[in-house]
Structures are given as structure tokens and as C-alpha cells.
*Asks:* 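Input: one structure, supplied below.
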Amino acid sequence: MKTAIYPGSFDPVTSGHIDIIERAVKLFDRVYVAAIGNPEKEPFFSLSERVEMLQLSLAKYKKVKVESFDGLLIDYARKKKAATIIRGLRAISDFDYEFQMALANRKLDSKIETIFLMTRGRYAYLSSSMVRQIASFGGDISGMVPKVIERRLSRE
Ligand code: PNS
């Protein structure tokens, strides 16, 4: 059973995240999409809201399990017996941060590999913070988030 973890803040989940997950389910038998409970920056949405939005968006993917984790990602990956961490790459600007994180995680456990999947070009500009900002001013976020999230955010 090939198991991978796709960790993140998911504040909120975007179409770019879904695109990465669709790629991951083609490669793995089980993908844990794991929202971090204690991110470095205070999240806009609570952990339970972020998890709920993920669950709503990912209900149709049978290989995906939405969870949350606290503490070190490597400890969570070990607990789940996952040999792979998945991260999405949009543009070269993501690289420094991702490279640093992958090497830190490798130092903590050399048996767990990080692999990078590239989003579709059309999502290269997209981020959760951009979605939050546009939604907060009543702008059009269609196509930037799954339909269920779009309806939910436009109600708020
Ligand atoms: O969506 P994000 O905010 O880019 O996700 C970052 C995340 C959650 C993957 C990262 O902050 C993380 O793994 N945090 C857990 C703490 C940890 O393991 N730190 C050591 C490796 S850098």
C-alpha cells in the first residue's frame, strides 16, 4: 500500500490544491490530506472549518482521507506509515521555502521522501491568501476554489 501525506494550511483549500490531489491519487493508494493544527501564522479559518472545507471538496476521492495534525510533519508521516510527503509547486518563487522544508524533513527522517507535483499553469498565480482577500472584498472567486467552497465563502 503506497501511502502519501499532502500537508498544508488549506486556509482555505483552493483549486490549485485540488489539482495537486488529483495528481497524487493517480500515484498513490492512499493520500492523507492533512491540515496543520498549529501553523506558524494565525489562520483565518479555524482548524475545524479548514477540515470541513477539505472534506466537502474531496468527498468524491475514495483514496483520500482528510485529517489534521499537530507538531512535526515527520512524526505524523511516521504515524501514518507514509513514505512520501507531497508538496505542490506553482512557480520558481515557491522553490526556496520548499527546498528548505524538504531538506529539514530529510534530516529528521531520511527514509521519508518529499516529492513535488506541479500545478496546472492556470493555477500558478493562485494562493489561499489571494482567495481570502478577493472574497473579503466581495470579488469573484469562481474557478479559484471548488464550487462548494465558493458558495460557502460568498455567504459569509
Ligand atoms: O500550506 P503551507 O502553510 O505552506 O504548509 C506548511 C506546512 C504545514 C507543510 C509546514 O509548515 C509544516 O510541515 N509544519 C509542521 C512543522 C514541521 O514539521 N516543521 C519542520 C519541517 S519545516
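These numbers come from a predicted model, not from an experiment. Every number for a ligand or one of its atoms is a count from 1 in the order of the listing.
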*Asks:* Do any nitrogen or oxygen atoms of Ser9 lie less than 3.5 angstrom from nitrogen or oxygen atoms of ligand 1?
*Replies:* yes

*Asks:* In the protein, which heavy atom is nearest to atom 20 (C) of ligand 1, and how far is it?
*Replies:* Leu72 CD2, 3.9 Å

*Asks:* Would you check, one step at a time, whether the test salt bridge (charged side-chain N to carboxylate O under 4.0 Å, His left out) holds for Glu67 with Lys79?
*Replies:* CA-CA 13 Å; Glu67 292 200 345; Lys79 204 166 83 190; over 6 Å; no

*Asks:* State the CD-CG distance between Glu113 and Asn105, to the nearest 0.5 angstrom.
*Replies:* 11.0 Å

*Asks:* Does any N or O in the side chain of Asn38 come within less than 3.5 Å of the main-chain N or O of Asp70, such that one atom is a donor and the other an acceptor?
*Replies:* no

*Asks:* Counting heavy atoms only, which part of Asn105 comes closer than 4.0 Å to ligand 1: side chain, backbone, both or neither?
*Replies:* side chain

*Asks:* Against heavy atoms of Gly71, which atoms of ligand 1 measure under 4.0 Å?
*Replies:* 15 (C), 16 (C)

*Asks:* For the pair Arg50 (side chain) and Ile36 (backbone), establish whether a donor and an acceptor sit closer than 3.5 Å, ignoring hydrogens and angles.
*Replies:* yes

*Asks:* Identify the protein heavy atom lying closest to atom 18 (O) of ligand 1, giving its residue, its atom name and the separation to 0.1 Å.
*Replies:* Leu73 N, 2.8 Å

*Asks:* Taking everything shown except Tyr125 itself, do over 12 heavy atoms lie less than 6.0 Å from its OH?
*Replies:* yes

*Asks:* With heavy atoms only and a cut-off of under 4.0 Å, state how Arg87 meets ligand 1: side chain, backbone, both or neither.
*Replies:* side chain

*Asks:* If the cut-off is 4.0 Å to any non-hydrogen atom of Met101, which atoms of ligand 1 fall inside it?
*Replies:* 10 (C), 22 (S)

*Asks:* Which word best sums up how the rings of Tyr6 and Phe10 line up, parallel for under 30°, tilted for 30 to 60°, or perpendicular for over 60°?
*Replies:* perpendicular

*Asks:* Are the charged groups of Asp19 and Arg23 less than 4.0 angstrom apart, N to O?
*Replies:* yes

*Asks:* Below 4.0 angstrom from a heavy atom of Tyr97, which ligand 1 atoms are there? Numbered from 1 as shown, please.
*Replies:* 4 (O), 6 (C)

*Asks:* Should the proximity of Ile36 to ligand 1, defined as any heavy atom under 4.0 Å, be assigned to the side chain, the backbone, both, or neither?
*Replies:* side chain

